[in-house]
*Asks:* 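Sending over a structure as structure tokens; questions will come in a sec.
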Amino acid sequence: MSDKILTSPLTKPNSYIGRTLSRAGAKRAVAGRGRYTDDVTLPRMLHAAFLRSPFAHARIVSIDVSEARLQPGVALVMTGAELAALCTGPWVGTLTCFPGMKSAPQYPLAVDRACWVGEPVAMVVARTRAEAEDAAECIVVEWEELPAVTDKKTALDPTTPVLHAELGDNLAFRKTIDTGAVDAAFAKADLVIEETFEFGRHTAVSLEPRALLAAYDKGTGKLTITTSSQCPHMLQHVFAHTLGVPQHNVQVIAPDVGGSFGLKIHTYGDELAATAAAMQLGRPVKFIADRLESFVSDIHARENFVKGRIAVSKSGTIEAFDIDVLSGAGAYSQYPRTSVFEATQVLNITGGPYRHKHYRARATVVYQNKVPTSQYRAVGHPIGNTVGEHLVDQAAYRLGIDPIEMRRRNIMPDDGYPATSASGIRLKDLSHQRCLDVLVERMNYAGLREEQTRLRKDGIHRGIGIATFIKGTAPGPHGYYGTGGAPISLQDACVIKLEPNGGIICAVGVTEQGQGTDTIMGQIAAATLGVPMDRVRVVSGDTDATPFGGGTFGSRAAAIGGEAVYLAARDLRQEILELAGVLLQAEAGALDIVDGMIVDRADGRQRLALAEIGRIGHYQVGELPNSVQPLLSHTRRFRLVDDLYIFTNGIHGAYVEVDTDTGFTRLLKHWVVEDCGRVINPQLADEQVRGGCVQGIGGALYEHCLYDEAGQLQNASLVDYLTPMASEMPDIDVLHVQTPTSVSELGAKGVGESGTGAAPAVIMNAVNDALLPFGVRVTSQPITPESVLTALGTI
Amino acid sequence: MSEDTAQVSLVVNGERVTRTVPVRQHLVDFLRTDLGLTGSHLGCEHGVCGACSVRVDGRVVRGCLMLAAQADGAEVVTIEGLDDTGEIADLQAAFVARNALQCGFCTPGMLMTAAELLAEKQQKSREEIRTFLSGNYCRCTGFHAIVDAIETTLAKRLGR
Amino acid sequence: MKAPKFSYVRADSVEQVLDLLDRHGDDARILAGGQSLMPTLNMRLSQPKILIDINRLHALTGISLLGNRVRIGALTRHVEVANSAVVAQHLPLIAEAMPHVAHVAVRNRGTFGGSIALADPAAEMPACVLALGATLVLQSATSRREVEAADYFQGLYETARRPDELLVEALIPVPRAFSVSVFSELAQRHGDFAIAGVAFHLEIHRGVVADARLVYFGSESRPTLAQRAGSAIVGRSIDAASVAAAASALDSDLSPMSSPHGSSRMRLHLQRVLTRRALATAAERARAA
């Protein structure tokens, strides 16, 4: 920590760091004056619509677009082959950090063959979206249906057709973690519990669907893309390289983004196609994925089948976990982030809170004729936490140990860090014990157990669920994307400037989707500089106006982006004080900036307005000695140096009531105690947890992409794909324990995915706790009335 | 086949508007593209998510399920209109203070529906508030903060 | 998801509508509330030639008590039915069902007649009118006929309405003395299509069931009056034995459908559970009356 700052913005009373402030962006949203991609119009703009494959697997024998081209309002119709000719090559979604991983080349629009229902096959660009859809109906495709691979459990059987012949089989990737001596640990354990788990396929359902507006200036060769994306810089690379435009001539702007959750960190063929059309036509082309096409084109996630075992001593000590994970990836490995992370994260984090030394975990990722899967909020953690926490609960029940006590006996001690998990991850700065203590008290665990016992006598079945978790946030460059060769920055950056009027512009590479990134970056900058919040304007989401960064994913904005802001703001503060020192003939160290004024540190006497530094520094530089050259603009970047992630921890509690006659589960209350290190804005952190919880509850009780054997998605609308709505959701109590991370000065960790990562685990544990007297349990998600009644043997 | 059109004359946010519209164009597309009122959003176009909620003749409706042609003679109020008149300024302030919105995409529809709840001038429990909002999808907030903001505003309006 | 092209007529009179239906039949669709029709258009699941907008036909609106029947005009919005004092007083079954009909915004626009004309198997109003023994009035260019609810709902989305007919109103008998009704449904989320639901209308004299119209919906292809289940409790008081008899009679009265939201086995089971609970509620309400 620099000794140039004697009063740290981290510990100063009333600092913006740690304060709840409302978001500046909220005001325009409540006024209906948000600016989302579909709100942007450009002169002579056209609209794209797509013909999508109605088959899970089919050869495109011929495609006739002649009639479509003649329809009213049509400017262009493009087939997959025509688009491929405009691209530098197909995409291949592998990373070198996954040795042995294979994926077939993928064209943005299908060329010879469609591999999933919904794969885009041809594009119409027309004056209105309605006319584009009319014309798309006139495209005639001769299809030759091919056998579809849908069941991941038989995907590797020798009799199952191979989806991509050039790959030889349907295996995308295999990985094993093995500490050794696992079989021995199981053999000598007093108790072994074994279970199989099914996790249904999900889709993100961001309320604003994917959206893109591309414009190309043929004169300058500049491509401008306005798009609802979390990662403008990554898209800049992908679109530049795929379409053969020099990357420095591509500007990607993410305006207001209507929800993302990881959906919008990916690359999509239909978006690429619309961009190519804009370049061809020299006219702006807009593509808004409608809800029906979103269901069959947005990345899917979570389709996993897991076999899990836990070995426990009779005193309740967890000796080992052994898991086998089968992941259904879809038709291709999504470029460039791949489709194997869900499985590998399950391997990394299952049983993560505990001290056991023996662990074996195998992941098999297979291809199917379904929508490709990839990273979606909390990647793998909902699955791994559910498996681990279920097995721990079941072991506790069998041994007659209270589930809370079972956690107490096994979680890593708060004073035991750094530590290494059995899966090989280095963990530090965690607080499992403290979080557990806070939860037990806050939820009145003892009181709930009493109430549960009492109500059981009246035939009312309530369940209490507990789920401890770890969560990997803020990935570093030595982890996957970086070492794997992905065009994704794991650093992040801030350029911070003093304007002539004394205002501050803080440009960052992380992005805003409503969680409050801009606000907390502003809080960090304002607190570090010593200026009021309204003096700071944060600029984000524009590759022309921000330093190169990674955008927002993996809960990295506060931890990585925030640190860059902190460091850059500190540099700017130092320069300001040095300039002030020159002007005031004082030592920089004797001065401070408080509420936007330069003051004497000793007595707080106001000496100079920041606007004076701005005026002189930019306009009247002659008032400074010739040897002094003001910069008033500072850049800093930050990244993790050794660690792969900044791990966080927490614990969920849930209280539910299961109507054992109808199988319906009612959620009575939910608690989360989590540790995301230094909390910048408590309200924003709380709300991330709440929203994430409900998204996780969606997976636990409602959401499921239902595919039939022919690879048709049967519930591809909001009528039949059930997402959580207000009536069924509980109030959620959130508390934070703050153990700052030691990898940065700010000490902030990630919080955005902690709700989603463990909510499915705690809900399933709560339902099974309710069902305990019946001697039955559910182990597949979503937990539906049907699955509860089936477990009870009622139907 | 060329498009059938219809003449519509309606009042939108207090202003009379007369236009010729394709008969198949729904009300929200008309508001967004013809009138530049982009505050009403499209999340599903099949009447489930509520992002398109607008007020027609005094009641909140799903704007994606009404044809613009049907709005002839109607009085339409969008979120922009509500904002301009200040009718829900207290609710909007409560949403901002409580962070009852994140991405903001559901927010105009949510406010439109909540405005109707407030207009009933009846005490409502949290559960009743949740039921009233049951047709408005939000993916970001998990609803808790939204219920808080409405509860606070309702209490103030009812003088509790 | 933009609707395909179609022709559109804003009808000024019932006669105009009937004339158009006579000419176009199945190529025409009536646009009333639009809460069910518009999604199918936006999703391009239906491509009608002509939409007949009947929203200006005030003759088709209104709720009134006519002698011993309540008349509900087909174009009456759900919200008007929900807020109606006449309905609250005379048709408590409908009043109890209303909060389950979709959501506020849908009720503000969707119509009573629209729900009955569509006859979605999970819809609440068809079940209620069947339980209440309502009469549906259908008009064409050449006829006006009354169809009993029992004859009206014929199959999955199939009703007695001919393509040239317009549903103009429902006439619902005011329940007699000692009437008790119970409405209940199970859906995974409030406002969703019901997986299983019941609309019961009984007459209970001094604890004995004199008449029982037990209608089941959500699980069946059309709202179904369970004859055997009803017979099982007529002449008896509602107790464990009679309720069990009614519940097991459902095996022959019902043939539940399977869907991603519930197997037929589960739906039958849920209907039994709802039967037990709703009959218990009916007995309580009779005692309280």
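Sequence lines set the chain letters: A, B, ... in the order given, protein chains first and strands last, and positions in each chain run from 1. If you're wondering where the values come from, they're calculated on a predicted model, not measured in any experiment.
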*Asks:* Suppose a student defines contact as a heavy atom less than 4.5 Å from any heavy atom of chain A. Which residues in residues 139-157 of chain B would they list?
*Replies:* R139(B), C140(B), T141(B), G142(B), F143(B), H144(B), A145(B)
*Asks:* Contact part of R98(B) toward chain A, heavy-atom cut-off under 4.5 Å: side chain, backbone, both or neither?
*Replies:* both
*Asks:* Write out, in numerical order, the residues from residues 54-71 of chain B with a heavy atom short of 4.5 Å from a heavy atom in chain A.
*Replies:* none
*Asks:* For the interface with chain B, which of M729(A), R129(A), Q683(A), R28(A) has the highest count of heavy-atom pairs at distances below 4.5 Å?
*Replies:* Q683(A)
*Asks:* Can you tell me which residue among T517(A), T552(A), D518(A) is in a side chain to side chain donor-acceptor pair (under 3.5 Å) with T511(A)?
*Replies:* T552(A)
*Asks:* Looking just at side-chain N and O atoms, do T20(B) and T5(B) make a donor-acceptor pair shorter than 3.5 Å?
*Replies:* no
*Asks:* Go through the steps to decide whether K669(A) and D731(A) satisfy the test salt bridge (Lys or Arg N to Asp or Glu O under 4.0 Å), and finish with yes or no.
*Replies:* CA-CA 6 Å; K669(A) 189 78 186 280; D731(A) 282 347; over 6 Å; no
*Asks:* Do E753(A) and Y376(A) get their side chains close enough for a donor-acceptor pair, meaning under 3.5 Å?
*Replies:* no
*Asks:* Pick one of side chain, backbone, both or neither for T131(B), based on which atoms fall under 4.5 Å of a heavy atom in chain A.
*Replies:* both
*Asks:* From T227(A) OG1 over to Q230(A) CD, what is the distance, rounded to the nearest 0.5 angstrom?
*Replies:* 11.0 Å
*Asks:* So which of G25(A), G516(A), A130(A) has the largest heavy-atom pair count under 4.5 angstrom toward chain B?
*Replies:* A130(A)
*Asks:* Shorter than 4.5 Å, heavy atoms on both sides: which option in D38(A), V719(A), D39(A) has the most such pairs with chain B?
*Replies:* D39(A)
*Asks:* Which atoms of Q513(A) are under 4.5 Å from chain B, going by heavy atoms: the side chain, the backbone, both sets, or neither?
*Replies:* backbone
*Asks:* Side chain, backbone, both or neither: which part of S717(A) has a non-hydrogen atom closer than 4.5 Å to chain B?
*Replies:* both
*Asks:* Does the side chain of R23(A) come under 3.5 Å of the side chain of N99(B) through a donor N or O and an acceptor N or O?
*Replies:* yes
*Asks:* For chain A, which of C106(B), S40(B), C44(B), P108(B) has the most heavy-atom pairs under 4.5 Å?
*Replies:* C44(B)
*Asks:* Using side chain to side chain donor-acceptor pair (under 3.5 Å), reason through Q523(A) and N681(A) one step at a time and then give a plain yes or no.
*Replies:* CA-CA 8 Å; Q523(A) 287 178 251; N681(A) 182 320; 2.8 Å; yes
*Asks:* Given that the side chain runs from C-beta out, which part of D84(B) has a heavy atom under 4.5 Å from chain A: side chain, backbone, both or neither?
*Replies:* side chain
*Asks:* Answer yes or no: is there an ion pair linking D134(A) with R24(B), defined by an N-O contact shorter than 4.0 Å?
*Replies:* yes
*Asks:* With a 3.5 Å cut-off and no angle check, do the side chains of E128(B) and Q122(B) form a donor-acceptor pair?
*Replies:* no
*Asks:* With no hydrogens and no angle check, just 3.5 Å: does a side-chain donor-acceptor pair link S229(A) and R210(A)?
*Replies:* no
*Asks:* Considering only heavy atoms and a distance below 4.5 Å, find which of L21(A), D290(A), V205(A), D256(A) pairs most often with chain B.
*Replies:* V205(A)
*Asks:* Quick check for you: to the nearest 0.5 Å, what is the distance between L31(B) atom CG and T38(B) atom OG1?
*Replies:* 10.5 Å
*Asks:* Look at H46(B), M110(B), E127(B) and state which one has the largest set of heavy-atom pairs under 4.5 Å with chain A.
*Replies:* H46(B)
*Asks:* Assess the side chains of D83(B) and Q92(B): does a donor N or O sit below 3.5 Å from an acceptor N or O?
*Replies:* yes
*Asks:* Do NZ/NE/NH1/NH2 and the carboxylate oxygens of E657(A) and R666(A) come within less than 4.0 Å?
*Replies:* yes
*Asks:* Less than 4.5 Å to any heavy atom of chain A: does that hold for the side chain of F95(B), its backbone, both, or neither?
*Replies:* side chain
*Asks:* Surrounding CD of E75(B) (heavy atoms of other residues, nucleotides or ligands, distance under 6.0 Å), is the total greater than 12?
*Replies:* no
*Asks:* Verify the ring-centre separation between H202(A) and H300(A): is it less than 6.0 angstrom?
*Replies:* no
*Asks:* When only pairs under 4.5 Å are counted, which of Q688(A), R35(A), E687(A), E512(A) shares the most heavy-atom pairs with chain B?
*Replies:* E687(A)
*Asks:* Just give me the residue among G34(A), S206(A), G258(A) that pairs up with chain B most often, heavy atom to heavy atom, under 4.5 Å.
*Replies:* G258(A)
*Asks:* Counting heavy-atom pairs under 4.5 Å with chain A, which one of R32(B), Q25(B), E45(B) comes out on top?
*Replies:* R32(B)
*Asks:* Checking L42(B) against chain A: side chain, backbone, both or neither under 4.5 Å from a heavy atom?
*Replies:* backbone
*Asks:* Will you find, in the side chains of E131(A) and T128(A), an N or O donor that is under 3.5 Å from an N or O acceptor?
*Replies:* yes
*Asks:* Considering residues, nucleotides and ligands other than E15(B), do more than 12 of their heavy atoms fall under 6.0 Å from its CD?
*Replies:* no
*Asks:* Of the backbone (N, CA, C, O) and the side chain (C-beta and beyond), which part of L111(B) lies under 4.5 Å from a heavy atom of chain A, both, or neither?
*Replies:* side chain
*Asks:* Contact part of R33(A) toward chain B, heavy-atom cut-off under 4.5 Å: side chain, backbone, both or neither?
*Replies:* side chain
*Asks:* Any chance the side chains of E208(A) and H41(B) put a donor and an acceptor closer than 3.5 Å?
*Replies:* no
*Asks:* Could you go through the side chain to side chain contact (heavy atoms under 4.5 Å, CB included) check for T203(A) and Y721(A) one step at a time?
*Replies:* CA-CA 9 Å; T203(A) 181; Y721(A) 182 89; 3.7 Å; yes
*Asks:* Given that the side chain runs from C-beta out, which part of P724(A) has a heavy atom under 4.5 Å from chain B: side chain, backbone, both or neither?
*Replies:* both
